[in-house]
Amino acid sequence: MAEGSGRKVVIAALIGNALIAATKLAAGLFTGSSAMLSEAAHSLVDTCNEVLLLYGMRRASRPATLSHPYGFGREIYFWGFVVAVLIFGLGAGWSVYEGVRGLAAGRTGAGETDPLVNYVVLGVSALFEGGSFYVGAREFNRARGERRWYSALRRSKDPAVFVALLEDTAALVGLAIAFAGVGLAQWTGNPAFDASASILIGIVLAAVAIFLAQECKGLLLGESADPAVIDGIVEIALANRRVHRVVEVLTTHFGPEDVLLNLGVELRDGLSGEEMEAAVVELEAEIRNRFPVVRRVFIEVAGFPAHPLMPPVRSRGGGGR
């Protein structure tokens, strides 16, 4: 996904969350609802998270330097991990704390002030969150193609998109839980429903945070390119008349749109030095043209052992890869 699309998703989420956080906080303070205060904390954390993602995107776009020859693309992965920690520690932690405190105090806003305030704020918040989710889902759908949502999320290399999208999803689920909690508390007169909703919101946020942390950790450690990209690189190599077989294809992401490739090939026997050089030049040009995401290409001619994690090589005559 292009950087501009990711930035648009984050900005849309930032605007929506900032407006929602202010209205939820006012309603929570006015009614005393634990669920509403938890939702306010959730939206405030989300707002801060979008700011951090925008900062990370700006830092990641810096050009390479002598001390960082591969650039700073992975910085967006670091800030995505920080966002996951904040969601877990502040969003989920505060929600559970507020719910437990509400249960211990036996309080709810339903019997103290007009609960209509909560319902209005929740409804308006759902509209804002729905709009932000729509923007994120539309951009994500363009990138995922025919893949299922979960598979596309697991394979996505752009935290700016999947973090914002999952935040919006968790926000909509949290709003539904808060609405149910406030409604049940008012209907039954039992404050436990309102406080329990706050705890459930915290559990939802914790689950999202754990998923995001795992994904960002994998990207920080260096994930390979999409399998379709790797297969395409093998296809390009084997289509070259000078290549006998592909020995290894090693890739790693240095950013959402920045892949480093180490390609090992075995050339046909009897080639001159000029022909070998031409083969390498042709392969690099074709790979860059078909996969612009591959920013750096290193091609080695066979005479070295394959990487121990590589599957069996594939030759022009067929067989496994």
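Just so you know, these numbers use all the heavy atoms, side chains as well, and skip hydrogens, waters and symmetry mates.
At least one side-chain heavy atom of Leu212 sits less than 4.5 Å from a side-chain heavy atom of Leu166. Asn190 is not listed as a side-chain neighbour of Leu184, based on a closest heavy-atom distance of 4.5 Å or more. No side-chain heavy atom of Val265 sits under 4.5 Å from any side-chain heavy atom of Val247. Residues Val9 and Arg138 have side chains not in contact (no heavy-atom distance under 4.5 Å, counting atoms from C-beta outward). Under the 4.5 Å side-chain criterion, counting only non-hydrogen atoms from C-beta, Val259 is not in contact with Val229. Using a 4.5 Å heavy-atom cutoff, the side chains of Ile11 and Ile15 are in contact.
A donor-acceptor distance shorter than 3.5 angstrom exists from the side chain of Arg288 to the backbone of Arg295, with no hydrogens or angles considered. For the pair Arg268 (side chain) and Arg241 (backbone), a donor-acceptor distance under 3.5 Å is present. Side-chain atoms of Asn17 come within 3.5 Å of backbone atoms of Ala13 as a donor-acceptor pair (strictly under, hydrogens ignored). Side chain of Ser198 to main chain of Ser95: a donor-acceptor pair is present (N/O by atom type, distance under 3.5 Å, no hydrogens or angles). Ser125 places no side-chain N or O within donor-acceptor distance of the main-chain N or O of Ile20, the cut-off being under 3.5 Å.
Summarising the geometry of Thr47 relative to Ala21, their closest heavy-atom pair is OG1-CB, 4.4 Å, with the distance given to 0.1 Å. The two atoms that bring Glu282 and Asn240 nearest to each other are OE1-ND2, 3.0 Å, heavy atoms only. Nearest heavy atoms, Pro69 versus Arg296: O-NH2, 4.0 Å. Annotation for Val246 and Ala237: closest pair CG2-CB, 3.7 Å, computed over non-hydrogen atoms. Heavy-atom minimum distance, Ile87 versus Ala209: CG2-CB, 3.8 Å. In terms of heavy atoms, Leu52 sits closest to Leu86 at CD1-CD1, 3.3 Å.
No continuous path of hydrophobic side-chain contacts links Phe88 to Val45 [ILVMFWY only; heavy atoms under 4.5 Å]. When hydrophobic clusters are built by joining Ile, Leu, Val, Met, Phe, Trp and Tyr residues whose side-chain heavy atoms come closer than 4.5 Å, directly or via intermediates, Leu283 is not grouped with Val281. In terms of hydrophobic clustering, with Ile, Leu, Val, Met, Phe, Trp and Tyr side chains grouped at heavy-atom distances under 4.5 Å, Ile203 and Val173 are assigned to a common cluster. Leu44 and Val124 are not part of a single hydrophobic cluster, where members link through side-chain heavy atoms under 4.5 Å apart. The hydrophobic cluster containing Val163 also contains Tyr55, counting ILVMFWY residues as joined when their side-chain heavy atoms lie under 4.5 angstrom apart, directly or transitively.
For Phe72, the CZ atom is densely surrounded, since the number of other residues' heavy atoms within 6.0 Å is greater than 12. For Glu277, the CD atom sits in a loose shell: 12 or fewer heavy atoms of surrounding residues, nucleotides or ligands are nearer than 6.0 Å. Enclosure of atom CZ in Phe291 by more than 12 non-hydrogen atoms of other residues, nucleotides or ligands within 6.0 angstrom is indicated.
Glu286 and Arg290 are not joined by a salt bridge, as no carboxylate oxygen comes within less than 4.0 angstrom of a charged side-chain nitrogen.
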Problem set entry | Derivation and outcome, side chain to side chain contact (heavy atoms under 4.5 Å, CB included), residues Val204 and Leu200 | CA-CA 6 Å; Val204 170; Leu200 286 176; 5.7 Å; no

Exercise. Where do Val208 and Leu205 land on the side chain to side chain contact (heavy atoms under 4.5 Å, CB included) test, with the steps shown first?
Worked result: CA-CA 5 Å; Val208 170; Leu205 292 177; 5.7 Å; no

Exercise. Stepwise, does the side chain to side chain contact (heavy atoms under 4.5 Å, CB included) test hold for Asp258 with Val293?
Worked result: CA-CA 5 Å; Asp258 185 358; Val293 69; over 6 Å; no

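Taking CG from Asp194 and CG from Leu103, the interatomic distance works out to 9.0 Å, rounded to the nearest 0.5 Å. To the nearest 0.5 Å, atoms CG (Leu238) and NE2 (His244) are separated by 10.0 Å. In this structure, OG in Ser196 is found 11.0 Å from CD1 in Ile201, a value given to the nearest 0.5 Å. The CG atom of Asp46 sits 11.0 Å away from atom CG of Leu90, with the distance rounded to the nearest 0.5 Å. With values rounded to the nearest 0.5 angstrom, Ile177 atom CD1 is found 11.5 Å from Ile199 atom CD1. The distance from atom CG of Asn289 to atom CD1 of Ile236, rounded to the nearest 0.5 Å, is 8.5 Å.
For the side-chain hydrogen bond (donor to acceptor under 3.5 Å, both in side chains) condition, the pairs that include at least one residue of residues 210-220, sequence neighbours left out, are Arg154-Glu215. Within the structure, salt bridge (charged side-chain N to carboxylate O under 4.0 Å, His left out) contacts touching residues 171-188 (residues at least two apart or in different chains) do not occur.
By the 4.5 Å side-chain criterion applied to Ile, Leu, Val, Met, Phe, Trp and Tyr, Trp94 is assigned to a cluster that also includes Tyr97. With a 4.5 Å cut-off between side-chain heavy atoms of Ile, Leu, Val, Met, Phe, Trp and Tyr, the cluster of Phe254 takes in Tyr70, Leu260, Phe298.
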List the atom pairs, donor and acceptor, that lie under 3.5 Å between side-chain atoms in residues 74-85 and the rest of the protein, sequence neighbours left out.
| unit_1 | atom_1 | unit_2 | atom_2 | d |
| --- | --- | --- | --- | --- |
| Arg74 | NE | His253 | O | 3.0 |
| Arg74 | NH2 | Thr252 | OG1 | 3.0 |
| Arg74 | NH2 | His253 | O | 3.2 |
| Glu75 | OE1 | Arg62 | NH2 | 2.8 |
| Glu75 | OE2 | Arg59 | NE | 2.9 |
| Glu75 | OE2 | Trp79 | NE1 | 3.3 |
| Tyr77 | OH | Lys157 | O | 3.2 |
| Tyr77 | OH | Gly255 | O | 3.2 |

Donor-acceptor pairs under 3.5 Å, side chain of residues 126-134 to any protein atom, not counting sequence neighbours: which ones?
| unit_1 | atom_1 | unit_2 | atom_2 | d |
| --- | --- | --- | --- | --- |
| Ser132 | OG | Asp168 | OD1 | 3.4 |
| Ser132 | OG | Asp168 | OD2 | 2.8 |

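Each of Asp226, Leu219, Leu220 was compared with Glu223 under the side-chain contact (heavy atoms from CB on, under 4.5 Å) criterion, and only Leu219 meets it.
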